[in-house]
Novice: 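Below you'll find the structure I mean.
In what follows, chains carry the letters A, B, and so on, assigned in the order in which the sequence lines appear, proteins first and then strands, with residues in each chain numbered from 1.
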Protein chains: 2
Amino acid sequence: MQIKEAAAHLGVSPRSLRHYEQAGLLTPTRDANGYRHYGPADLRRAGRIRDMIATGFSTREVLAMAPCLSDDGAGACEAGLADLEHKLSQIDRLITDLQARRRTTLERIAQFRGTLSNANNERKDPGHDPDPRIAVPDRVPRRQR
Amino acid sequence: MQIKEAAAHLGVSPRSLRHYEQAGLLTPTRDANGYRHYGPADLRRAGRIRDMIATGFSTREVLAMAPCLSDDGAGACEAGLADLEHKLSQIDRLITDLQARRRTTLERIAQFRGTLSNANNERKDPGHDPDPRIAVPDRVPRRQR
DNA sequence: TACCCCCTTGACATTAGTGTCAGGGTCAAG
DNA sequence: CTTGACCCTGACACTAATGTCAAGGGGGTA
């Protein structure tokens with residue numbers, strides 16, 4: 001599969017695929033004419049990279065846990081595991097918050113619609129009090145290099 | 001609470017807080033001397049913004065769903081809701097993938113350790129075959145402006 | 001009062017991801 | 001053989017997030 005088709009499948013630009021490759025994250029084979037060839041494994045890997053990038057990882061960070069990215073090889077993944085779990089917890093926190101906000105928002109909308117449909121209902125918002133806890137992620141000013 | 005303390009609580013730099021403010025995401029009050037004052041609501045909001053940014057949203061995207069960000073007000077949030085659910089699904093996909101990869105990685109490590117502790121065990125990796133489906137996010141080249 | 005630490009705004013620098021273009025090759029269809 | 005649609009590399013541009021510095025003010029404490 002050539003780069004344009006692979007990019008289309010992944011929903012990214014060919015430019016981005018080349019960028020991932022340049023960052024050392026992806027190494028598609030080359031056809032005799034020098035064209036990049038993306039096999040199924042390359043597509044899976046690229047999909048993971050694409051998701052990582054889309055979720056706030058930098059290519060350097062992804063590279064740091066590259067061993068965890070490949071389909072095979074349980075090798076030197078321990079190093080990246082900490083980073084991975086750590087980012088996972090960050091994302092979990094956000095997800096939880098997002099879902100909570102989504103729930104309360106839907107409730108508000110439902111209530112709003114209810115208020116509209118029988119306007120004489122004077123029930124006030126009970127105040128559902130979002131979790132006031134401030135989650136503190138570790139400050140990593142910018143990956144040293 | 002002044003900016004330095006707020007930033008410390010949130011795990012970001014004062015510079016970033018000013019940046020969020022400049023992007024129209026946050027509006028802390030000002031003390032008589034002109035210093036920014038961050039109340040609990042400001043901290044909660046800033047925490048959400050920080051998480052959004054850390055998870056790949058741009059300030060423009062966050063701004064687009066600003067109504068959904070405040071503690072109160074179920075108002076014009078519908079517009080942002082689509083974006084929000086949409087990104088939520090992206091994140092869900094990644095989370096699922098990450099958790100799956102984490103599971104299999106842990107399995108590999110466990111197996112590796114097992115292989116080490118009794119080296120005469122010649123059992124091969126059964127090949128757990130990660131989901132080959134390539135999830136395709138919608139291609140949004142770059143938010144038009 | 002002097003000192004220190006915090007604050008303000010504004011400017012400039014850096015980095016990452018990405019778009020886009022130029023100059024040139026591959027290859028299949030007409 | 002020409003044409004059109006791909007591909008390649010390399011370069012330049014843009015944007016967003018962030019760091020950092022300069023110039024100056026606020027305010028508590030020795």
Novice: Taking only the side-chain nitrogens and oxygens of B:Gln2, find out if one of them lies under 4.0 Å from OP1 or OP2 of C:dC6.
Specialist: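 False: B:Gln2 side-chain N/O out of range (4.0 Å or more) of C:dC6 OP1/OP2.
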Novice: Output the rounded distance in Å from CG (A:Leu17) to P (C:dT18).
Specialist: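 The distance from CG of A:Leu17 to P of C:dT18 comes to 10 Å, rounded to the nearest Å.
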Novice: Whole-Å distance between D:dA11 P and A:Gln22 CD?
Specialist: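 These atoms are roughly 11 Å apart.
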Novice: Both A:Tyr38 and B:Thr59 contact DNA chain D. Which one's nearest nucleotide lies toward the 5' end?
Specialist: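 Going by which nucleotide is closer to the 5' end, it is A:Tyr38.
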Novice: Do the side-chain N or O atoms of B:Asn33 get closer than 4.0 angstrom to the phosphate oxygens (OP1, OP2) of D:dG25?
Specialist: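 Answer is no, no contact under 4.0 Å.
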Novice: If I take atom CD in residue A:Glu21 and atom P in nucleotide D:dG10, what distance separates them, rounded to the nearest angstrom?
Specialist: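 Value for this atom pair: 12 Å.
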Novice: Which nucleotide sits closest to the side chain of B:Ile53: C:dG17, D:dT18, D:dC8?
Specialist: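 Closest nucleotide among those given: D:dT18.
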Novice: Could you check whether the side chain of A:Tyr35 and the base of C:dG25 have a donor-acceptor pair of N or O atoms closer than 3.5 Å, going by distance alone?
Specialist: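 Donor-acceptor pair under 3.5 Å: yes.
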Novice: Starting the side chain at C-beta, find the nucleotide from D:dC8, C:dG19, C:dG17 nearest to A:Ser58.
Specialist: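 The closest nucleotide is C:dG17.
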Novice: Could you state the NE2-C1' distance from A:His19 to D:dC12, rounded to the nearest angstrom?
Specialist: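 To the nearest whole Å, that distance equals 16 Å.
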Novice: Please answer whether the main-chain N or O of B:Asp31 pairs with a side-chain N or O of B:His37 as donor and acceptor at a distance below 3.5 Å.
Specialist: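 Not confirmed, B:His37 side chain does not pair with B:Asp31 backbone.
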Novice: How would you label the contact of A:Arg18 with the nucleic acid (heavy atoms, under 4.0 Å): base, sugar-phosphate, or nothing?
Specialist: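 Base, at least one base atom sits under 4.0 Å.
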Novice: Spell out yes or no: do the side chain of A:Arg15 and the base of C:dT20 have one donor N/O and one acceptor N/O closer than 3.5 Å?
Specialist: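 Indeed, a donor on one side and an acceptor on the other fall under 3.5 Å apart.
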Novice: In whole angstroms, how far is the P atom of D:dA16 from the CD atom of B:Glu61?
Specialist: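 Atom-to-atom, B:Glu61 to D:dA16, this comes out as 11 Å.
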Novice: Run the salt-bridge test on B:Arg45 and B:Glu21 with the 4.0 Å N-O cut-off and return the result as yes or no.
Specialist: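 Here B:Arg45 does not pair with B:Glu21 in a salt bridge, since their nearest N and O are not under 4.0 Å apart.
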Novice: Would you kindly give the CG-to-C1' distance between B:Leu63 and D:dA17, to the nearest whole Å?
Specialist: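 Atom CG in B:Leu63 sits about 16 Å away from atom C1' in D:dA17.
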Novice: From the set D:dC8, C:dA16, C:dT18, return the single nucleotide nearest to any side-chain atom of A:Arg36.
Specialist: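 Closest nucleotide among those given: D:dC8.
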